[in-house]
Number of protein chains: 2
Amino acid sequence: MAKAVQQRTLKTRARLLEVAQALVKQGGYEALRVEEVVLGAGVAKGTFFAHFRDKDALMEILIGAELDACLDQAEAGETPDSVDAIVAALAPYHRCISAERYVFDVALRYSGAAAIAEIGPIARTFERYFRLVEGWMASGPFRRDVSPALLAEGVQAFAIQALSLQFCALHEATAFEDRLKVYLDAWLLPGS
Amino acid sequence: MAKAVQQRTLKTRARLLEVAQALVKQGGYEALRVEEVVLGAGVAKGTFFAHFRDKDALMEILIGAELDACLDQAEAGETPDSVDAIVAALAPYHRCISAERYVFDVALRYSGAAAIAEIGPIARTFERYFRLVEGWMASGPFRRDVSPALLAEGVQAFAIQALSLQFCALHEATAFEDRLKVYLDAWLLPGS
DNA sequence: CCAAATAAATGACCACGGTCAATATTGGAG
DNA sequence: CTCCAATATTGACCGTGGTCATTTATTTGG
């Protein structure tokens, strides 16, 4: 049997990713064009789709990498023990995911997965986010009448709500972090 | 000045909507093609875009109408006074919005609005949903330490979370309504 | 009733993501 | 080294959403 994967493959894939990343840095995610990526990488269009199922698969990789870096930051810091500290610790992640409307939409669309077999990079960051917050819930001074896991799911739900409202014309008044704090105070510290 | 809008316009628009609705009934939202709509309505492609900004604008109208009908139902029923009753009252809306993955994605994307001037039909149903639930919060046996408005925002956030997880490979085990009930018990009746 | 003015409709055209049969390259077996 | 099967690449082609200069229909002022 021939070698399963040629090193040529790896080079091509790396070049595609590199060019894509550079283009995103210049013009943002929404403006990225497959055509430009293959042009920059010096390959044909078909080659792109031999390496990535579709354009979104590339987006998932690029966005997932950025989000993972933010979670690395959050994990490196101290364990937050208040709502303010939680909001602060998650700030890089939230800033990254809401940097572009397009990015937020993609992230939401791939926050789950179509099938067990193909959980993508973005879904993995959501899972990581959840686990991280779950840990914080167990150690911090938060309500104990429900499980840390449930609390963490709620934090995620409220973060998405607050992020959505950031893009919403009906609710421009309040800033994202202030809104999230109000949510989390009510969710994590009821009756106080 | 010439008459602002000719009755021909209304007829054409009505025909486009009628055909689109019929096609959706047959094949669902995702499979809808602008080409088929204009073919069925007997007009040129350009005419479609003279009546709707883009394909999504048509989708918003169709989906918004369906969601509005569900809210009519919810409004017509008794005011729910328990978590179970709330989940039951909102069931038609939730069923409708999650009938197709594509529909849910479109709904989320247009749940806000790009600019104050152009709040669309779907954003309006989100606002209606919020107001409706807000009313229930004020009259029901739920926590009083935070405002009904905040409670309603939370209900919306948890509903979206539960709907998202329905489409997520990581969480297929629990059914949507059971999950939502767990969320709302913890959100609306903490410590009980 | 005609002509100018305004609104609506047309369809050829473009942009861009994605496909696939044909071709080229690779690397291990003999 | 040579051959060949597996693998990678190619680029013409397609589907579909969206555009716009031109043509056609309607309304209004005289």
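Throughout, a chain's letter reflects where its sequence line sits, starting with A, and its residues are numbered from 1.
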Would you kindly give the CD-to-C1' distance between B:Glu36 and D:dG15, to the nearest whole Å? 12 Å
For B:Leu32, which contact category applies under a 4.0 Å heavy-atom criterion: base, sugar-phosphate, or nothing? sugar-phosphate
Tell me the interatomic distance from A:Glu35, atom CD, to D:dA12, atom P, rounded to whole angstroms. 12 Å
Could you tell me the separation between the NZ atom of A:Lys45 and the P atom of C:dG18, rounded to a whole number of Å? 9 Å
Decide if the gap between the ring center of A:Phe52 and the ring center of A:Phe48 is smaller than 6.0 angstrom. yes
Would you call B:Glu18-B:Arg15 a salt bridge at under 4.0 Å N-O? no
Pick the nucleotide of DNA chain C nearest each of B:Gly46 and B:Thr9; which residue has the one closer to the 5' end? B:Thr9
Can you tell which of C:dT10, D:dG11, D:dT7 lies closest to the side chain of A:Ala44? D:dG11
Side-chain N or O of B:Arg33 versus OP1/OP2 of D:dT16: is the shortest distance under 4.0 Å? yes
Between C1' on C:dC16 and NZ on B:Lys55, what's the gap in Å once rounded to a whole number? 15 Å
Take B:Arg8 and A:Thr47, find for each the nucleotide of DNA chain D with the closest heavy atom, and name the residue whose nucleotide sits nearer the 5' end. A:Thr47
Provide, to the nearest angstrom, the distance between the CZ atom belonging to A:Arg15 and the C1' atom belonging to D:dT9. 11 Å
Between B:Gln7 and D:dT27, is there a contact of a side-chain N or O with OP1 or OP2 at under 4.0 Å? yes
How many whole angstroms separate atom CG of A:Leu23 from atom C1' of C:dC16? 15 Å
Short N-O contact, A:Asp105 and A:Arg109, less than 4.0 angstrom: no
Can you check whether B:His51 has a side-chain N or O nearer than 4.0 Å to OP1 or OP2 of C:dA8? no
Would you please confirm or rule out a distance under 4.0 Å between OP1 or OP2 of D:dT9 and any side-chain N or O of A:Thr12? yes
Separation of D:dC20 P from B:Phe48 CZ (nearest whole Å): 17 Å
Return the value, rounded to whole Å, for the distance between atom CG of B:Asp54 and atom P of C:dC16. 16 Å
Residue B:Glu35 excluded, over 12 heavy atoms near CD under 6.0 Å: no
A:Tyr110 vs A:Pro121 side-chain heavy atoms within contact, under 4.5 Å: no
